[in-house]
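Numbering starts at 1 and runs along the sequence shown. Only heavy atoms go into these numbers, but all of them, side chains included; no hydrogens, no water, no symmetry mates.
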Amino acid sequence: MKRPNIMLVTVDQWPASLMGHAGHPTVLTPTLDQLARNGVCFPNTYSECPICIPARRTLMTGNTARIHGDRSFDPVARMPPQPTLAATLGAAGYQTCAVGKLHVYPPRDRIGFDDVHLAEEGRPHLGGYDDYDLFLADQGFPGQGFNHGMNNNDYLWRPFHLPEHCHVTNWTTWKMCREIKRRDPTRPGFWHLSYTAPHPPLAPLQAYLDIYRDAEPPVPPIADWAKDEAALPYALRSITDYWSHVKPHHLRGIQRAFMALCTHIDHQFRLVLGTLREEGLLDDTVVLFTADHGDMLGTHGLWAKRIFYEDSARVPSILLGPAGDARTAPGSVDRRLVQLADVMPTLLDFAGVTPAAPMEGLSMIGDARREVLTAACRDDASATRMATDGRHKLIWYPNGNTIQLFDLREDPQEMRNLAGDPALADVRAKLEAALVAEAWGVDTGWIADGKLVGTPAKTFQGQTNRGLSGQRGFHFPPPPQAGADVVVGTPGG
């Protein structure tokens, strides 16, 4: 049987709720909405560790941090000695190419791809210029990619400062379209299209800011449990402290800039789909669109990721199979529990390729289902764990042994903590038992007699940020290579 081409599209820090087809009243995502109408949506898709590096290690190995080793964000950790998605497809005869963000170390590790065209968000300190940096230099703007002054881990915003074709979203699209046209026609293609937006810096094109100039998106809800900052778990206090300078009157500008980045990607992705169609490839191509994690964007007074509320942990997931494939019927919705580890076995399933090693993930087009999905992030005082059966979600903060329980069917915005509701005691016990059963590493020290016990609450102390963590400088000449102990952009400790 002829093997299909495969395109894996990832975006960075895009919550599942921020989609037109998901019911958001403001954001414009016509291309992705059309993709959803022609394929299948998986609305219960979660990032097992909603941080960039761990999530991407999971995408590329089909395994969670239990196997690949990082659930905290280690920028200089080598990929584990496991067969990657690219290497497995390459060994099966696929021509493999990635464009955009990989977030591996060293940055030029191709992790099994035949070719990689990198846009790594300004990280030459980890070992050399990336391809987007080189492109800017060729255009006469060496080292000026971040001269807009916006921070990679903050919510300031302004229009992009260089010509439109120099925006990283345009560059990523152009390179992918070119690689499709340059394909080896004798082999099926695996293309990984990895956009760095809408992850900050919030520097969208002025044209997309103009689209949202008069937009009034919904005000993010803040639950009663979130209003007493002093009573929040340590992991949440570290977030509210780190972004304490973001004020309520900033909200509209942040929302508009973030949505502008999303719509820009949506429109540019049209060019990729158009290229596939014009090259006669679209009907024979699997397209899977997802994100590494989401962004709280002010919900419950919280920002960014690293936690397990819906806007941080639940990600978009749209799967388009080859034309006529009954496993991805147009306009269908599959509510099974999905995690990022499922991406690799799903794509191998379409390709008819047997994995070289066992994976924790399950094929999204297979018959196997999980009853409970567990997830884990960080191993320090900001550690947080999650278990969900698709309706109820339990969040555990080991530091202080705080537990929250939400009924996502009745309360999708997680406004009411039902952890103390005796009517849900059996549900809570089931989800706690799932976390106990899946415990590994430091978690085993936070469990006693088969129960979650955590640790005494660590007193929270606010942080200073003298170096403006995540702020890039002028990158010509490039900054010196940094040591393994230099980590930026991680609140808490």
Test log, rule side chain to side chain donor-acceptor pair (under 3.5 Å), inputs Asp33 and Thr29: CA-CA 6 Å; Asp33 298 346; Thr29 53; 3.0 Å; yes
Polar side-chain atom of [X] near backbone of [Y] as donor-acceptor pair, under 3.5 Å:
| X | Y | value |
| --- | --- | --- |
| Glu120 | Pro107 | no |
| Thr45 | Ser317 | no |
| Asn44 | Gly390 | no |
| Asn63 | His68 | no |
| Asn399 | Ala381 | yes |
| His250 | Lys247 | yes |
| His161 | Gln144 | yes |

Salt-bridge criterion met for [X] and [Y] (N-O under 4.0 Å):
| X | Y | result |
| --- | --- | --- |
| Asp295 | Lys305 | no |
| Glu121 | Arg472 | no |
| Arg71 | Glu48 | no |
| Arg256 | Asp210 | no |
| Arg123 | Asp130 | no |
| Asp379 | Arg385 | yes |

Side-chain touch [X]/[Y], heavy atoms, less than 4.5 angstrom:
| X | Y | value |
| --- | --- | --- |
| Leu32 | Phe289 | yes |
| Val246 | Ile254 | yes |
| Leu136 | Phe476 | no |
| Trp446 | Thr455 | yes |
| Ile222 | Lys227 | yes |
| Leu340 | Val315 | yes |
| Leu394 | Thr388 | no |
| Arg78 | Asp109 | yes |

Which pair of heavy atoms, one from [X] and one from [Y], lies closest together, and at what distance?
| X | Y | result |
| --- | --- | --- |
| Tyr234 | Thr459 | CE1-O, 3.9 Å |
| Pro204 | His167 | CA-NE2, 4.3 Å |
| Asp70 | Phe73 | OD1-N, 2.9 Å |
| His245 | Asp154 | NE2-OD1, 2.9 Å |
| Cys377 | Arg306 | SG-O, 3.6 Å |
| Pro30 | Arg37 | O-NH2, 4.4 Å |

Other residues, nucleotides, ligands: >12 heavy atoms within 6.0 Å of Phe141 CZ: yes
Working for side-chain contact (heavy atoms from CB on, under 4.5 Å), residues Thr64 and Gln339: CA-CA 9 Å; Thr64 68; Gln339 58 191 50; 3.7 Å; yes
Side chains of [X] and [Y], donor plus acceptor under 3.5 Å:
| X | Y | value |
| --- | --- | --- |
| Thr290 | Thr10 | no |
| Asp12 | His103 | no |
| Arg378 | Ser72 | no |
| His117 | Glu179 | yes |
| Ser469 | Asn465 | no |
| Tyr195 | Thr173 | yes |
| Ser17 | Asp311 | yes |
| Gln413 | His300 | no |

Geometric class of the Trp171/Phe135 ring pair [parallel <30°, tilted 30-60°, perpendicular >60°]: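 Plane angle between 30° and 60°, so tilted.
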Whether His148 and Phe146 hold their rings parallel, tilted or perpendicular, with breakpoints at 30° and 60°: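 Answer is perpendicular, since the angle exceeds 60°.
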Between OG1 on residue Thr263 and CG on residue Leu28, distance to nearest 0.5 Å: 5.0 Å
Full working for side chain to side chain donor-acceptor pair (under 3.5 Å) between Gln34 and His21: CA-CA 9 Å; Gln34 179 74 358; His21 69 268; over 6 Å; no
Ile111/Phe113 under side-chain contact (heavy atoms from CB on, under 4.5 Å): CA gap, chis, key distance, verdict: CA-CA 6 Å; Ile111 63 169; Phe113 284 98; 3.9 Å; yes
Phe308 ring center within less than 6.0 Å of Tyr46 ring center: no
Verdict with supporting geometry, Arg56 and Ser194, side-chain contact (heavy atoms from CB on, under 4.5 Å): CA-CA 11 Å; Arg56 290 164 190 278; Ser194 180; 3.3 Å; yes
Side chain to side chain donor-acceptor pair (under 3.5 Å) between Asp266 and Tyr208, intermediate numbers included: CA-CA 11 Å; Asp266 182 276; Tyr208 286 94; over 6 Å; no
Trp225/Tyr309 under ring-ring contact (aromatic ring centres under 6.0 Å, His included): CA gap, chis, key distance, verdict: CA-CA 13 Å; Trp225 58 258; Tyr309 303 108; 5.1 Å; yes
Side chain to side chain donor-acceptor pair (under 3.5 Å) between Thr240 and Glu229, worked out: CA-CA 8 Å; Thr240 58; Glu229 185 175 354; 2.8 Å; yes
Test log, rule side-chain contact (heavy atoms from CB on, under 4.5 Å), inputs Leu452 and Asn401: CA-CA 7 Å; Leu452 306 178; Asn401 200 36; 4.2 Å; yes
Candidate list Thr402, Leu232, Ile403, test side chain to side chain contact (heavy atoms under 4.5 Å, CB included), partner Tyr397, passing option: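 Only match with Tyr397 under side chain to side chain contact (heavy atoms under 4.5 Å, CB included): Thr402.
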